[in-house]
There are 4 protein chains.
Amino acid sequence: MSTDQPATLRVAEPDPEESEGRRERILSAAAELFAAQGFDAAPTSRIAEQAGVPKGLLFYYFPRKRDILTTLLEERIPETPGLQAAQAVVAGDPAASLVRLADLVGLSRHESVVLRTILFRELGTLPEITTYVERLRRNLLTLTEDVVMGSAARPIPRETAHKIAQTFVAVLLDDANTQRYGGEGPDLRAAAEIMALAVDRCAAPL
Amino acid sequence: MSTDQPATLRVAEPDPEESEGRRERILSAAAELFAAQGFDAAPTSRIAEQAGVPKGLLFYYFPRKRDILTTLLEERIPETPGLQAAQAVVAGDPAASLVRLADLVGLSRHESVVLRTILFRELGTLPEITTYVERLRRNLLTLTEDVVMGSAARPIPRETAHKIAQTFVAVLLDDANTQRYGGEGPDLRAAAEIMALAVDRCAAPL
Amino acid sequence: MSTDQPATLRVAEPDPEESEGRRERILSAAAELFAAQGFDAAPTSRIAEQAGVPKGLLFYYFPRKRDILTTLLEERIPETPGLQAAQAVVAGDPAASLVRLADLVGLSRHESVVLRTILFRELGTLPEITTYVERLRRNLLTLTEDVVMGSAARPIPRETAHKIAQTFVAVLLDDANTQRYGGEGPDLRAAAEIMALAVDRCAAPL
Amino acid sequence: MSTDQPATLRVAEPDPEESEGRRERILSAAAELFAAQGFDAAPTSRIAEQAGVPKGLLFYYFPRKRDILTTLLEERIPETPGLQAAQAVVAGDPAASLVRLADLVGLSRHESVVLRTILFRELGTLPEITTYVERLRRNLLTLTEDVVMGSAARPIPRETAHKIAQTFVAVLLDDANTQRYGGEGPDLRAAAEIMALAVDRCAAPL
DNA sequence: AATGAATGAGAATTCATTCAT
DNA sequence: CATGAATGAATTCTCATTCAT
């Protein structure tokens, strides 16, 4: 009885190496290496080695090397679908709202950084990547625009909100891009404050 | 007779193929190919072919392949040295000034795009590239800050100018990055207008 | 309850896919693929796929890949055992007799062509194949010689009949070989007529 | 002076291994191996080894493995172009003429046998091979027909000559095919005699 | 100074075969 | 009996780099 469930669990995940599942370990190792050296420069043999699996297994799961990359896109990269503008809105405080939004989309969450690095590096080599990045920008645009509209103390023209969104999304993406190489990027909080000033200025009847 | 051979030498330069100099042609061909397919995916043989020079010559001028890349960085990438903030300033009109600045630094001039593409793609692989991009950002920051300060109708705090500069430079760089793959990036003019609103709001005594 | 399972077993055979038996389906698929692309170029995985059986089953029935080939030779290639010269003989008409013989041995029957293709292609790689082809030629020689002797209007020397047989069998085999690639081979009827002329000439007292 | 020409020659071909030229040695080694084990089963590494050249050189001369095969076809396989029917004709003796023709086309000359082996084996895999074999058959047909017409003691109908040619060419090709595996093929002399009988029979007014 | 033939260290990928279940 | 996940040896091919001339 006490052996029932525990036994299964104990046997299922016993080997520390097996804890993640071999297919997943290949994906993780590949993500790490693609990010560090680029897709072309990362040999499949190294991926297998780092994942601790035989070389043949890579091609059992992913017939061609690029399938590893596209699978990474499909399975590992978080979309922003569930995210609602309302979750970020701090009524009457656009600056705080935008900072919160940035936090929620989490482009700079560590786990994301590795994948984002691959994304920005390999941009333009695979159509899938271009498509993904374009969709990401569009999603962020809509989200940001809604947050700006929703958090403004007084109503502002949608057109202005749109321009602000364009600006802020660029900052968001430039920030993500900067993190690829650990450089000093834009200050998200500062940008949010500037956006708030613009909101304020344009809302004010003057 | 003795004049015969020298004549050939004298004529050597006008040859259209020779017009640019073989070393330069190698660099141009490499730039094109690195941008199009990435550093790793561009074979030296293709570079030689496209440059119209024998393969051996590549390694005569550039002992290792990566030397072509670093030379490209050193010799071909325009710095922003001569540029003075004053050249961009349109007194009293921050928006126009920023647009003008963007134009002057010319990150999106066609010639630049090729090199920028390489830069952003190979970011993180060569330390030289990281160094260059960081310097570029710093230069742009200073320049932008000065332009904002110089074009504001009424004085604004330097701290605010700094934040605006951070924001606008991010937009500038995100725009440059977008051009790598021909995607739709931020609208520079819109961003400039937003910056102007912020300047206005913060300058206004309210 | 106890009838439940057995019922399933009883129904097992009618399944259209099962109609031929899985082992037979493997052989058929292999024959097709070996003929189309050659033994080496036909992967076992494709054979299994085309046969609609799991890959493991191949090696259950045929421990090594070449066992599929040898089994094909043993079980699928029609010998000419039952065939009697008398069945082909049209008395007094050697030409018609030879054409009839060609028809009876049926080297060019569609089903045979596939196997013959493999045979001629893989000739020299497996000793079994060489043996088979040599036996085939000998059988055909005897058969043809008898048909020539039996159909000649007037008696001819066995030696001449032997030479005619050698010639006609060569035509038969060259014809079979030609069908491998769908090329235009010899005209069997024309060859038979020529043989008849020779018979006639040598039988005639002049 | 005396050192001038001889020196060059002496240095040019000194190494016994170099005597044939490396590119040629690759082709010879490949021919041998393709004939012995088939195109697919002969690894490029073995070819290089047998030719005594580094593996990379194969791909320097022949970018893809199949280029070795097609080059063999283009450069090593003797066409029958210069051959004139007249060269084989022994007036009034069709049998001798046909034997002589067989000798002149030399399908069974040792050097040819290796290449012919490849040809017949790989028939159907490369279109170039099919084309070549079809052209060969056509050339032989014309040649044989002319020899038959030219050597007949008394005139015979061209149609009959054509049928005889079809028959004899089939024997020729079957003979070549047989030599692939060292089996016992048709007797060319016997076939020639039979052809002569047919010529005789059909020329005779009876 | 210039060149192109040559090389060998890998690269991605394939595939027959094994074996635990 | 049957299976499909797993493996590693082998294969074709690429390419930066060298070097004799």
Can you find a side chain N or O atom of [X] that sits less than 4.0 Å from OP1 or OP2 on [N]?
{"X": "A:Tyr60", "N": "F:dA6", "answer": "no"}
{"X": "A:Ser45", "N": "E:dG10", "answer": "no"}
{"X": "B:Tyr61", "N": "E:dA1", "answer": "no"}

Please report, rounded to the nearest Å, how far the [atom2] atom of [N] is from the [atom1] atom of [X].
{"X": "D:Phe39", "N": "F:dT11", "atom1": "CZ", "atom2": "C1'", "result": "12 Å"}
{"X": "D:Asp40", "N": "F:dA10", "atom1": "CG", "atom2": "P", "result": "18 Å"}
{"X": "B:Lys55", "N": "F:dC19", "atom1": "NZ", "atom2": "P", "result": "15 Å"}
{"X": "B:Ile47", "N": "F:dC15", "atom1": "CD1", "atom2": "P", "result": "11 Å"}
{"X": "A:Phe62", "N": "E:dT13", "atom1": "CZ", "atom2": "C1'", "result": "15 Å"}
{"X": "A:Arg64", "N": "E:dC15", "atom1": "CZ", "atom2": "C1'", "result": "18 Å"}
{"X": "A:Leu58", "N": "F:dG8", "atom1": "CG", "atom2": "C1'", "result": "13 Å"}
{"X": "B:Phe59", "N": "F:dC19", "atom1": "CZ", "atom2": "P", "result": "13 Å"}

| message | C:Leu73 and side chain to side chain contact (heavy atoms under 4.5 Å, CB included): which single residue from C:Leu119, C:Ile118, C:Thr131 fits? | response | C:Leu119
| Residue met sooner reading DNA chain F from 5', once A:Val53 and B:Gly56 are mapped to nucleotides | A:Val53
| query | Can you check whether B:Ile47 reaches B:Phe34 side chain to side chain, under 4.5 Å on heavy atoms? | reply | yes
| request: Report yes if some heavy atom in the side chain of C:Phe59 is under 4.5 Å from a heavy atom in the side chain of C:Thr44; otherwise report no. | output: yes
| request: Looking at every strand, decide which applies to D:Lys65 at a 4.0 Å heavy-atom threshold: base, sugar-phosphate, or nothing. | output: sugar-phosphate
| message | Base, sugar-phosphate or nothing for D:Ala42? Non-hydrogen atoms, less than 4.0 Å. | response | sugar-phosphate
Considering all heavy atoms of both residues, which atom of [X] and which atom of [Y] are nearest to each other, and what is their separation?
{"X": "A:Leu115", "Y": "A:Arg76", "value": "CD1-O, 3.4 Å"}
{"X": "D:Phe39", "Y": "D:Arg121", "value": "N-NH1, 4.4 Å"}
{"X": "D:Pro43", "Y": "D:Gln37", "value": "CD-OE1, 4.3 Å"}

Options [options], nucleotide nearest the side-chain atoms of [X]:
{"X": "B:Arg22", "options": "F:dT11, F:dG4, E:dA2", "value": "E:dA2"}
{"X": "B:Thr44", "options": "F:dA6, F:dT11, F:dA16", "value": "F:dA16"}
{"X": "C:Leu57", "options": "F:dT3, F:dC13, E:dA16", "value": "F:dT3"}

| message | What does the 5'-to-3' dot-bracket notation of DNA chain E look like when only Watson-Crick and G-U wobble pairs under 3.5 Å count, and pairs to other strands show as |? | response | .||||||||||||||||||||
| field | Residues B:Arg66 and B:Glu122 bridged, charged N to O under 4.0 Å | value | no
